[in-house]
Amino acid sequence: MAKAKTAKPPAHRPAYWLLKSEPDSYSIDDLRAAPHQTTLWDGVRNYQARNFLRDTMRIGDRAFYYHSGADPLAIVGTVEIVSAAYPDPTAFDKRDHHYDPKSDPENPTWFVVDVKLRQKFPHPVTREVLKSTKSLEGMMLLQRGSRLSVQPVTPQEWKTVLALAGVTDA
DNA sequence: GCCAACGTTGGC
DNA sequence: GCCAACGTTGGC
């Protein structure tokens, strides 16, 4: 019997993501001020976003930090995923806005990962600028009706946005 | 399983 | 504040 070739993980690690947050509830400056500039990304209550977060994200992945419901709407920096997924404690907290009585602690529905700030961009890359960049026209963020709060970003999109931000390392 | 009603997101 | 898009709920 032929020996199986050494299993190699897919070559495209780290993967890239975009995380949305309303700065009125948690901004990139809040993250910058947090202990170890790290927080748990809680409150995700959409199954598709949950699946990305729980099943596809890996430690070491990078993500853009996007301010939604804000002025300006913009990508404002980058974070690193620094934990595997674990159950979202806010789902079990009756007093929490994200409390979900249907989520069973023995079989949790909702998950979080820990994210650590890598950098706040010297200036935000606004939605206006993203929209006017031809090579980003396929970006999920910019698609009509796109509401996912955790979404994948391609390596090309990642590079392009960093260039727009005027940074080389993220 | 269908679908109408409702709630939420989030850009404008 | 408006409203389009989308997800969820629940009656049937």
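Every chain is numbered from 1 and lettered A, B, ... according to where its sequence line falls, protein lines coming before strand lines. Fair warning: this is a prediction, and the values are worked out from it, not measured in the lab.
- Checked options A/Y16, A/Y65, A/W158, A/W17; the residue passing with A/T78 is A/W158 (criterion: side-chain contact (heavy atoms from CB on, under 4.5 Å)).
- Contact between the side-chain N/O atoms of A/R127 and the OP1/OP2 oxygens of B/dC12 is found at a separation under 4.0 Å.
- Distance from the side chain of A/Y66 is smallest for B/dG11 among the nucleotides B/dG11, C/dA4, C/dG7.
- For A/K20, the listed nucleotide lying nearest its side chain is B/dG10; candidates were B/dG11, C/dA4, B/dG10.
- Checked against A/L141 for a side-chain contact (heavy atoms from CB on, under 4.5 Å), the options A/L73, A/V161, A/L130 give a single hit: A/L130.
- The interatomic distance linking A/D24 (CG) with B/dG11 (P) rounds to 13 Å, in whole Å.
- Taking atom NZ on A/K131 and atom P on B/dG11, their separation rounds to 9 Å, with Å as the unit.
- Regarding A/R147, its CZ atom lies at a distance of 18 Å from the P atom of C/dC3, rounded to whole Å.
- At whole-Å resolution of the value, NE2 in A/H97 and C1' in B/dT8 are 10 Å apart.
- Distance A/W110 CH2 to C/dT8 C1': 10 Å, rounded to the nearest Å.
- Following rounding to the nearest Å, A/R45 (CZ) and C/dT8 (P) show an atom-to-atom distance of 13 Å.
- Looking at A/D88 and A/R50, no side-chain N of the basic residue comes within less than 4.0 Å of a carboxylate O on the acidic one, giving no salt bridge.
- Here the nucleotide nearest the side chain of A/N46, chosen from B/dG11, C/dA4, C/dG7, is C/dG7.
- For A/Y47, whose side chain is taken as the heavy atoms from C-beta onward, the closest listed nucleotide among B/dC12, C/dT8, C/dG7 is C/dT8.
- Summarising the geometry, the separation between CG on A/N51 and P on C/dG7 is reported as 13 Å, rounded to the nearest angstrom.
- In this structure, A/Q143 atom CD and B/dG10 atom P are separated by 15 Å, rounded to whole Å.
- If you check B/dC12, B/dT9, B/dG11 against the side chain of A/S68, the one that comes closest is B/dG11.
- Ionic pairing of A/K116 and A/E80 is not present here: no N-O contact between side-chain nitrogen and carboxylate oxygen is shorter than 4.0 angstrom.
- With salt bridges taken as basic N to acidic carboxylate O contacts below 4.0 Å, none links A/R58 and A/D61.
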